[in-house]
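So the structure is just underneath, and the comments pick up after that.
The structure displayed is predicted, hence computed values, not measured ones.
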Amino acid sequence: MIRGKAFYVLLFGLLLIGCSGCIPQVEEVNQLLITGDGREVIYTVEEMQTLGAARSEFEGETYVGVPLIALLQESGYASGEISTVTAVAADGYSVTYTPEIFQQEDVLVAYAREEGPLDGDQGTFRMVLPGEEGKLNVRLLAELQVR
């Protein structure tokens, strides 16, 4: 008979083995989809790089990307006609931005860090909102929904 700590160690191990498939795996997205008004525009990192290279800082890291408002305009959306923009991550997490946020020139859709590519846990694209809470800086960015 198993007693004391050994029982709990065995129980914990069995739970880990049984739940190894419980942790969802997030598939990396290599393109950014922009949707709204019946349109779909897709950007790769290479295409984003041709649009410019603005810089913004968040939590001591300098990111390189395209200002969100410039990207939306490049995609055919007039800034005065947009009421909200929702950033959707590959894992389903989403944040909706109002014009007070998405029209700021330092709000970026980042495709790199100043030192090189984004780290794996950030994804191919991420939102960078200097001075805002971390939860607004969506990592693993997969889609921007324009309304």
Side-chain angles (χ1 to χ4, degrees), residues 5 8-9 11-147:
K5 284 185 181 178
Y8 292 106
V9 169
L11 180 62
F12 183 71
L14 290 172
L15 286 172
L16 283 177
I17 292 168
C19 197
S20 64
C22 298
I23 301 170
Q25 298 297 314
V26 177
E27 188 173 317
E28 186 170 344
V29 177
N30 293 317
Q31 298 178 331
L32 177 63
L33 175 64
I34 301 177
T35 60
D37 284 341
R39 289 182 260 195
E40 285 190 0
V41 181
I42 297 173
Y43 288 97
T44 63
V45 170
E46 294 77 18
E47 291 167 331
M48 293 276 282
Q49 290 170 335
T50 67
L51 302 178
R55 287 170 171 64
S56 285
E57 190 173 307
F58 175 69
E59 293 185 346
E61 186 83 54
T62 301
Y63 290 92
V64 179
V66 178
L68 175 57
I69 193 65
L71 181 61
L72 295 173
Q73 290 170 348
E74 179 68 30
S75 301
Y77 298 96
S79 62
E81 298 173 356
I82 303 170
S83 60
T84 62
V85 175
T86 301
V88 182
D91 62 2
Y93 179 75
S94 66
V95 174
T96 299
Y97 307 119
T98 61
E100 295 79 29
I101 292 178
F102 71 73
Q103 290 182 352
Q104 295 177 28
E105 287 295 323
D106 61 351
V107 171
L108 295 185
V109 175
Y111 52 76
R113 296 174 302 131
E114 195 165 56
E115 297 79 34
L118 294 175
D119 293 337
D121 68 336
Q122 295 183 69
T124 304
F125 301 101
R126 70 163 293 153
M127 293 301 303
V128 177
L129 289 81
E132 296 292 338
E133 295 178 72
K135 65 184 179 183
L136 296 179
N137 290 265
V138 177
R139 298 177 304 112
L140 302 166
L141 184 63
E143 182 178 358
L144 294 171
Q145 298 170 346
V146 182
R147 292 189 176 86

For a side-chain contact (heavy atoms from CB on, under 4.5 Å) with Leu68, tell me which candidate from Leu108, Ile101, Leu144 qualifies.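 The side-chain contact (heavy atoms from CB on, under 4.5 Å) with Leu68 is passed solely by Leu144 among Leu108, Ile101, Leu144.
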Can a donor-acceptor pair be found, under 3.5 Å and without considering hydrogens, that links the side chain of [X] to the backbone of [Y]?
{"X": "Thr124", "Y": "Val29", "answer": "yes"}
{"X": "Thr84", "Y": "Thr96", "answer": "no"}
{"X": "Tyr63", "Y": "Arg126", "answer": "no"}
{"X": "Asn137", "Y": "Leu129", "answer": "yes"}
{"X": "Arg139", "Y": "Asp121", "answer": "yes"}
{"X": "Gln103", "Y": "Glu100", "answer": "no"}

Run the side-chain contact (heavy atoms from CB on, under 4.5 Å) check on Arg113 and Asp119 step by step: do they pass? CA-CA 8 Å; Arg113 296 174 302 131; Asp119 293 337; 3.4 Å; yes
To the nearest 0.5 Å, what is the distance between [atom1] on [X] and [atom2] on [Y]?
{"X": "Glu74", "Y": "Leu71", "atom1": "CD", "atom2": "CG", "answer": "8.0 Å"}
{"X": "Met48", "Y": "Gln31", "atom1": "CE", "atom2": "CD", "answer": "12.0 Å"}
{"X": "Arg55", "Y": "Thr62", "atom1": "CZ", "atom2": "OG1", "answer": "8.5 Å"}
{"X": "Tyr97", "Y": "Ser83", "atom1": "OH", "atom2": "OG", "answer": "15.5 Å"}

[Y] side chain reached by [X] side chain, heavy atoms, under 4.5 Å:
{"X": "Tyr111", "Y": "Leu118", "answer": "no"}
{"X": "Ile42", "Y": "Leu32", "answer": "no"}
{"X": "Val107", "Y": "Ile69", "answer": "no"}
{"X": "Val85", "Y": "Gln145", "answer": "no"}
{"X": "Tyr93", "Y": "Val138", "answer": "yes"}
{"X": "Leu140", "Y": "Phe125", "answer": "no"}
{"X": "Glu61", "Y": "Glu114", "answer": "no"}
{"X": "Val146", "Y": "Thr35", "answer": "no"}

In this structure, are over 12 heavy atoms from other groups packed under 6.0 Å from Gln73 atom CD?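 Result for CD/Gln73: enclosed.
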Closest contact, heavy atoms only, [X] versus [Y]:
{"X": "Val95", "Y": "Lys135", "result": "CG2-O, 3.3 Å"}
{"X": "Gly134", "Y": "Phe58", "result": "CA-CZ, 3.7 Å"}
{"X": "Val64", "Y": "Ala53", "result": "CG1-CB, 3.9 Å"}
{"X": "Val128", "Y": "Ser56", "result": "CG1-CB, 4.0 Å"}
{"X": "Val41", "Y": "Ser75", "result": "CG2-O, 3.9 Å"}

So, using side chain to side chain donor-acceptor pair (under 3.5 Å) as the criterion, who are the partners of Ser79 when residues are at least two apart?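 Partners of Ser79 under the side chain to side chain donor-acceptor pair (under 3.5 Å) test: none.
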Taking the cut-offs as 6.0 angstrom to the six-membered ring centre and 45 degrees off its axis, would you call Arg39 and Tyr77 a cation-pi pair?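 Yes, Arg39 sits over the ring of Tyr77.
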salt_bridge(Asp37, Arg147) N-O dist < 4.0 Å: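 No, no charged N to carboxylate O under 4.0 Å.
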